Visitor: 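Sharing a structure, written as structure tokens. Questions coming.
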Amino acid sequence: MKRIDIILAVGAMGLVCLANGSRTTVNPVKQAKPIRALLVLGGCCHDYEKQKDIITKGLSERANITFTVAYDPDKGTKHLNPIYEKADWAKDFDVVIHDECTSDVKDLESINKILEPHKNGLPAVLLHCGEHSYRSETFPKTTPWFEFTGLASTGHGPQVPISLTFTDQKHRITKDVKDWTTVNEELYNNIDGKLLDTARALATGKQSYKNAQGEMVETTTVVAWINIYNAKTRVFCTTIGHNNETVSDPRYLDMVTKGLLWSTRHLAQDGTPAAGYAPAKPAQ
């Protein structure tokens, strides 16, 4: 396993104002201790080599976050990321971003080891193929992983643009966010069209395309949501994020950053980072 530690430098600057010809120093908001995030990625079908850098750079520019990256270069679906071999794999992290694509890792003991810290309250963010991993025996029906994500999802459509509609603009993650359309992307399905009772939809995606018979097909499904796992753990999920162009889109990075801040309880009601969790400003 190649493990990369990316540390975002943090600091706070005082603001000096001129008021009636005198100098007044305004106390700055003290920079808080950074959120310690573990990004787990690797496996089938995606450019994780580049996306690990896109995600860590993009989120660090938007919030006070430091990253440890657990990147597995294995390109298959059966290889368990080596980070999970450690007994205390989640120790010292405030949130885990699951971006792995390992659908054929089915060993329930391994899956339970991954889920245990989350059952105990460790927040999580799940991106794209992270929703489709760990298909244990009961797949495609409810699995331990689906209970974690809040949605049973089994496959995806073709690579065509997805029109995103933010259906819940009262939630702080999607507050005042404008709808947009992706480049060619995969629209993940869900089995019965319903989230679990513990989950709440934030956005839907719609694809329109001709199938092999030349018939026009239109599919709409949930693409971003939140889940409360084991009655206490905050989980943010989005199935968007196959191609590098989408992952690097500022609108995508904004959404994922807000999802992460919400999961760790550092997102203010107006959808901005809580005090101390905006990115540090560089020295002038």
Side-chain angles (χ1 to χ4, degrees), residues 4-8 10 31-41 48 51-71 83 89-90 92-100 114-115 117-118 120-131 133 148-151 164 166 168 171-177 199-203 223-230 232-241 246-280:
I4 304 170
D5 292 337
I6 303 174
I7 303 299
L8 174 65
V10 297
Q31 195 76 0
K33 185 178 179 181
I35 297 167
R36 301 165 299 175
L38 172 65
L39 173 61
V40 183
L41 71 179
Y48 291 121
Q51 289 180 12
K52 63 180 173 57
D53 299 325
I54 296 170
I55 292 169
T56 53
K57 181 176 184 292
L59 270 62
S60 295
E61 290 174 344
R62 288 165 169 78
N64 185 9
I65 307 170
T66 63
F67 280 92
T68 296
V69 177
Y71 167 57
I83 190 70
W89 69 269
D92 299 327
F93 295 112
D94 301 311
V95 63
V96 179
I97 302 176
H98 289 282
D99 195 20
E100 61 262 57
I114 298 170
L115 289 174
H118 298 301
N120 292 330
L122 180 65
V125 172
L126 285 99
L127 305 179
H128 196 57
C129 201
E131 322 292 347
S133 297
F148 174 49
T149 68
L151 176 66
L164 301 180
F166 292 90
D168 185 352
H171 196 279
R172 65 186 73 179
I173 295 175
T174 49
K175 189 177 181 64
D176 300 324
V177 174
R200 171 177 171 177
L202 300 178
V223 294
W225 66 96
I226 55 173
N227 188 42
I228 304 299
Y229 177 57
N230 200 31
K232 58 186 174 183
T233 305
R234 289 187 174 192
V235 181
F236 169 77
C237 303
T238 180
T239 56
I240 303 299
T246 298
V247 176
S248 60
D249 190 306
R251 295 166 293 189
Y252 179 82
L253 293 168
D254 286 347
M255 178 177 68
V256 174
T257 301
K258 290 181 179 182
L260 184 148
L261 290 172
W262 171 84
S263 74
T264 59
R265 303 177 187 274
H266 296 117
L267 188 66
Q269 287 289 347
D270 64 356
T272 61
Y277 289 94

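These figures come from a predicted structure and were not determined experimentally.
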Visitor: Counting N and O atoms only, with roles assigned by atom type, does the side chain of Asp94 sit under 3.5 Å from a partner on the main chain of Arg36, one being a donor and the other an acceptor?
Guide: yes

Visitor: Could you give all pairs that pass the salt bridge (charged side-chain N to carboxylate O under 4.0 Å, His left out) test and reach residues 254-277, with sequence neighbours left out?
Guide: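 Found Arg62-Asp254.
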
Visitor: Is there a side-chain contact between Val40 and Val96, using heavy atoms and a 4.5 Å cut-off?
Guide: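 They are in contact (side-chain heavy atoms under 4.5 Å apart), so the answer is yes.
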
Visitor: Which residues pass the side-chain contact (heavy atoms from CB on, under 4.5 Å) test with Asp168, not counting sequence neighbours?
Guide: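 side-chain contact (heavy atoms from CB on, under 4.5 Å) check on Asp168 returns Lys170, His171, Arg200, Leu202.
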
Visitor: Compute the centroid of each ring, for Tyr229 and then for His118, and state whether the two points are separated by less than 6.0 Å.
Guide: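 Between His118 and Tyr229, which both carry aromatic rings, the centre distance is not below 6.0 Å.
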
Visitor: Could you give the distance from CG (Asp249) to CD1 (Ile54), rounded to the nearest 0.5 Å?
Guide: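 Rounded to the nearest 0.5 Å, the CG-CD1 separation comes to 11.0 Å.
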
Visitor: Would you please name every residue forming a side-chain contact (heavy atoms from CB on, under 4.5 Å) with Ala203, sequence neighbours left out?
Guide: Phe166, Val223, Ala224

Visitor: Short question: side chain of Thr233, backbone of Asn230 - any donor-acceptor pair under 3.5 Å?
Guide: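 A pair under 3.5 Å: no.
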
Visitor: Please examine the side chains of Ile226 and Arg234, heavy atoms only from C-beta on, and report whether any two atoms are closer than 4.5 Å.
Guide: no

Visitor: Under the side-chain contact (heavy atoms from CB on, under 4.5 Å) rule, collect the residues that match up with Asn120, sequence neighbours excluded.
Guide: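 Only Glu116 meet the side-chain contact (heavy atoms from CB on, under 4.5 Å) criterion with Asn120.
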
Visitor: For Cys237, check disulfide (SG to SG under 2.5 Å) against everything at least two apart and list the hits.
Guide: none

Visitor: Are Glu100 and Ser133 packed together at the side-chain level, in the sense that at least one heavy-atom pair is separated by less than 4.5 angstrom?
Guide: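 Yes, side chains in contact.
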
Visitor: What pairs with Ala278 under side-chain contact (heavy atoms from CB on, under 4.5 Å), at least two apart in sequence or on another chain?
Guide: Pro273

Visitor: Is the closest side-chain donor-acceptor distance between His128 and His98 under 3.5 Å?
Guide: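 Per modelled atom types, His128 and His98 side chains form no pair under 3.5 Å.
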
